[in-house]
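The structure under discussion appears below in the form of structure tokens.
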Amino acid sequence: MEDFRRTYLRLCKENGLEPQESVLNQLHDVRAAGDSARLDLATQSLSVDTCAVLGRVLSNDVLFAEVVLSDCMLSEEGVKLLLYGLCSNTTVKVLDLKGNNMRAVGSEALGKLLRQNKSIRRLTLEWNALGMWGEAFSIFCEGLGSNEALKQLDLRNNQINHQGAGELAMALKRNTTLQELDLRWNNIGLLGGRALLESLQQNRMLLQLEMAGNNVPSDTLKAVEQSIDHNSDRKSTLKESRSKTQVLSKEIRSLREEKGKQFLNMMETIDKQREDLGRSSRMSAVRGGQLQEALNERKSAVNSLKAKLQMTEAALALSEQNSHDLGELLSRVKLEKSELKERQSREMNKEQKVDELERRCKAQQDHVFDLKQELTNSTAELKLRLAQAEERLEAEKKRSKQTLDDAENLRQKEVDHLNHHREESERSLQDRVQKLEEIRIQLEEELTRVRALSATERQCSEMVRLVCQQELTRVRALSATERAQAEEELVKIRNQVRLEEQQRVSHLEEKLRLLTQSRDESQIHCTQQKRTVSELQAKNNHLALEMEGLKHRLEELQQELGGKEQEKVAEVNKVRVELQEQIGHLQAERATQGGLKEKIAALEREVKVQTSNHREALLDKESETASLLEKLRLKDGKIMRMREDEAQRANFLQKAILTYVQGSPLGSYSPKK
């Protein structure tokens with residue numbers, strides 16, 4: 001608001017004008033009232049210069065949405081300047097020019113305003129004289145016909161005749177936005193009413209037309225009202241149909257979007273399933289290739305095993321030949337064995353001797369075993385005794401050490417006790433000596449005092465001194481005897497402890513000497529037993545060598561036969577085991593291939609089921625969309641039928657009005673251009 005006021009003052013200053021006080025006061029009131037969007041200059045007498053300045057200010061203003069200039073008695077030039085300024089304004093929505101007695105120039109300026117301005121929605125032109133000037137009013141009507149923003153127009157009391165009404169009717173035929181038109185208290189007449197009624201056949205947007213006080217017949221007014229009602233009904237039906245079409249279009253759009261999303265999701269899932277299927281097929285192909293390669297390897301291995309089997313069969317045939325040869329050799333060996341039996345019969349005596357020697361050897365071995373057992377038992381017992389003796393020795397050492405430590409501690413405690421007792425006795429004796437010395441000093445002092453006394457008193461003092469000396473000597477003798485007794489007791493205790501230690505050490509040394517002597521004896525006994533065992537073992541070895549020399553030939557022949565048979569059996573078993581392992585691996589691979597084939601078949605079945613489900617869902621959605629489109633088509637057909645019905649009604653009404661007009665006495669008159 002302040003910017004508008006400053007701009008107004010600046011333009012007045014630039015043009016050398018004096019600002020109108022009424023305008024400034026009004027602007028001040030508006031500024032004081034707050035940020036209002038209404039410029040009210042009603043009943044203010046505005047000069048031409050003020051109108052020019054206001055037009056320039058309003059051309060670029062973005063604040064006011066309503067401008068009120070009613071009853072300002074504006075001049076033609078002032079109105080022109082104001083309206084030319086408003087042509088470029090984009091914020092004013094309401095313009096009130098009531099009661100300004102506008103004429104030809106004002107009508108032309110209003111026509112230009114309506115052609116150029118795109119923001120005014122309501123225009124009030126009540127109590128003017130626009131209809132008196134035909135050409136100027138036609139320019140106004142041309143501007144109204146080309147306007148695309150105005151919705152309400154007030155033309156009350158503007159002296160509009162039937163010719164002006166015809167111009168207005170032509171403008172209404174071209175206008176597509178005007179909804180309310182007020183033509184009350186003009187001079188339209190019958191012809192003007194007919195022209196306006198005819199214009200309503202083409203104008204479908206006008207919803208309110210006021211024509212009272214215009215000398216228009218009532219039937220024309222009723223026809224106009226019916227047309228307006230038809231327009232309002234059509235407007236309502238159009239609104240409803242538009243709302244329904246919008247709702248249906250939104251639903252269709254949402255359904256399409258939903259179908260598109262579902263289709264995209266389905267395609268994505270199908271693509272994913274295809275990718276998974278392709279991946280699984282590729283993996284199965286790779287796996288099949290690997291299995292084929294493994295199968296080829298297994299086949300080659302089987303072929304190699306077959307070759308090995310043939311070789312082993314050849315080797316088996318060869319071994320059979322060898323076995324046949326060995327059988328012949330065995331027959332020869334049997335012959336040799338019979339000869340050997342004969343020899344053995346001759347050597348039975350030797351064998352009996354050998355048996356006797358074996359029995360002796362066995363007895364010697366048992367004896368050696370017993371000796372070894374006894375030796376081990378004795379060594380274990382000696383070791384156990386030695387360990388026990390060492391443990392006892394250690395325990396005795398610890399106990400003796402503990403007793404020595406205890407005796408030493410006891411001796412130390414007794415010595416400390418005796419020293420403490422001696423020190424206490426010495427301290428008590430010293431105290432007594434000091435006391436006696438003090439008494440003696442006191443007595444001597446008294447003697448010095450009483451030297452002049454009698455001889456009896458001197459004798460008493462001498463006797464006291466003697467008693468004190470005797471007591472002192474007795475105390476000293478007692479302390480000396482006690483000290484001597486304590487020293488004697490200490491010497492006795494030390495001697496006793498030394499004797500006990502010497503006795504324990506000698507006892508332990510005697511035990512240790514006995515243990516070492518027994519250990520030496522057991523070692524000597526063990527060496528003797530080992531020597532006898534070694535002699536017996538030498539004899540046993542000599543006899544065993546003789547026995548081995550006799551059995552060696554039979555063992556060699558039996559080993560050769562057994563080795564040949566074992567080699568044949570081992571080779572055959574090895575070939576059988578390898579063949580069984582290969583067959584097991586091939587069966588396992590075949591089982592895995594069967595499982596993979598079953599999985600692939602299951603996946604293909606799932607893919608087929610999913611594709612069939614998706615196809616059914618797509619068919620359902622397509623049927624739903626088709627049904628919705630059919631409903632929409634039916635709605636459109638219904639709307640078209642309603643429009644045709646309205647057009648037929650309007651035609652019937654027009655024909656009725658024309659027949660009425662032609663039948664009336666006024667039908668012979670033609671309107672003037």
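Heavy atoms only: backbone and side chains are in, while hydrogens, waters and symmetry mates are out.
- Here the closest non-hydrogen pair linking Leu9 and Pro19 is CD2-CG, 3.7 Å.
- A donor-acceptor contact shorter than 3.5 Å links the side chain of Gln26 to the backbone of Asp40.
- Rounding to the nearest 0.5 Å places CG of Leu248 at 6.0 Å from CG of Leu632.
- Judged by distance alone, with hydrogens and angles left aside, the side-chain atoms of Asn161 form a donor-acceptor pair with the main-chain N or O of Gln163 at under 3.5 Å.
- Although no hydrogens or angles enter the test, the distance criterion places a donor-acceptor pair under 3.5 Å between the side chain of Asn296 and the main chain of Gln292.
- Between the side chain of Asn128 and the backbone N or O of Asn101, at least one donor-acceptor pair lies under 3.5 Å.
- Judged by distance alone, with hydrogens and angles left aside, the side-chain atoms of Asn186 form no donor-acceptor pair with the main-chain N or O of Asn214 at under 3.5 Å.
- Using a 4.0 Å cut-off between charged side-chain N and carboxylate O, Asp3 and Arg6 make a salt bridge.
- Applying the salt bridge (Lys or Arg N to Asp or Glu O under 4.0 Å) rule to Arg633 yields the partners Glu630; only residues at least two apart in sequence or on another chain are considered.
- Of the possible donor and acceptor atoms, none in the side chain of Ser70 sits under 3.5 Å from a partner among the backbone N and O of Ala42.
- Although no hydrogens or angles enter the test, the distance criterion places a donor-acceptor pair under 3.5 Å between the side chain of Thr177 and the main chain of Leu150.
- Within the 4.5 Å cutoff, the side chain of Gln654 has heavy atoms near those of the Asn651 side chain.
- Closest approach of Glu126 to Asn158, counting heavy atoms only: CA-ND2, 4.1 Å.
- Taking 4.5 Å as the limit, every side-chain heavy atom of Glu77 sits out of range of all side-chain heavy atoms of Val105.
- Using a 4.5 Å heavy-atom threshold, the side chains of Arg643 and Met640 count as touching.
- Side chains of Thr7 and Asn60 form no contact here, defined as non-hydrogen atoms less than 4.5 Å apart.
- With sequence neighbours left out, Arg649 forms a salt bridge (Lys or Arg N to Asp or Glu O under 4.0 Å) with Glu646.
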Legend entry - CA sep, side-chain torsions, deciding dist, call: Leu172, Leu209, side-chain contact (heavy atoms from CB on, under 4.5 Å): CA-CA 11 Å; Leu172 290 175; Leu209 178 60; 5.5 Å; no

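- Listed by first then second residue, pairs satisfying salt bridge (charged side-chain N to carboxylate O under 4.0 Å, His left out) with a partner in residues 60-71 read Arg38-Glu66, not counting sequence neighbours.
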Legend entry - Stepwise side-chain contact (heavy atoms from CB on, under 4.5 Å) check, Thr245 with Lys635: CA-CA 9 Å; Thr245 51; Lys635 291 288 184 182; over 6 Å; no

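- Every residue meeting the side chain to side chain contact (heavy atoms under 4.5 Å, CB included) condition with Leu255, not counting sequence neighbours, appears here in chain and number order: Glu258, Leu628.
- Put simply, the side chain of Arg56 reaches to within 4.5 Å of the side chain of Asn15, judged on heavy atoms.
- Between Leu54 atom CG and Leu46 atom CG the span is 6.5 Å, to the nearest 0.5 Å.
- Residues Leu39 and Leu27 have side chains in contact (heavy-atom distance under 4.5 Å, counting atoms from C-beta outward).
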Inset, instruction - Before giving the answer on side-chain contact (heavy atoms from CB on, under 4.5 Å), spell out for Leu653 and Ser227 the whole-Å C-alpha distance, their side-chain angles and the decisive distance to 0.1 Å. - result: CA-CA 9 Å; Leu653 183 61; Ser227 298; 4.2 Å; yes

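- A distance of 11.0 Å separates CD in Glu148 from NZ in Lys151, rounded to the nearest 0.5 Å.
- Applying the salt bridge (Lys or Arg N to Asp or Glu O under 4.0 Å) rule to Asp49 yields no partners; only residues at least two apart in sequence or on another chain are considered.
- Between Asp182 and Arg184 there is a salt bridge, since at least one side-chain N of the basic residue sits less than 4.0 Å from a carboxylate O of the acidic one.
- Of the inter-residue distances, the one linking Asn265 atom CG with Lys272 atom NZ reads 8.5 Å to the nearest 0.5 angstrom.
- Expressed to the nearest 0.5 Å, how far CG of Asp154 lies from CG of Leu125 amounts to 7.5 Å.
- Among residues two or more places apart in sequence or in another chain, the side chain to side chain donor-acceptor pair (under 3.5 Å) test is passed with Glu581 by none.
- Using a 4.5 Å heavy-atom cutoff, the side chains of Leu97 and Leu83 are in contact.
- Taking a cutoff of 4.0 Å between a charged side-chain nitrogen and a carboxylate oxygen, Glu14 and Arg10 qualify as a salt bridge.
- Of the inter-residue distances, the one linking Arg156 atom CZ with Lys98 atom NZ reads 6.5 Å to the nearest 0.5 angstrom.
- Residues Asp229 and Ser232 form a side-chain contact, since some pair of their non-hydrogen atoms from C-beta on lies under 4.5 Å apart.
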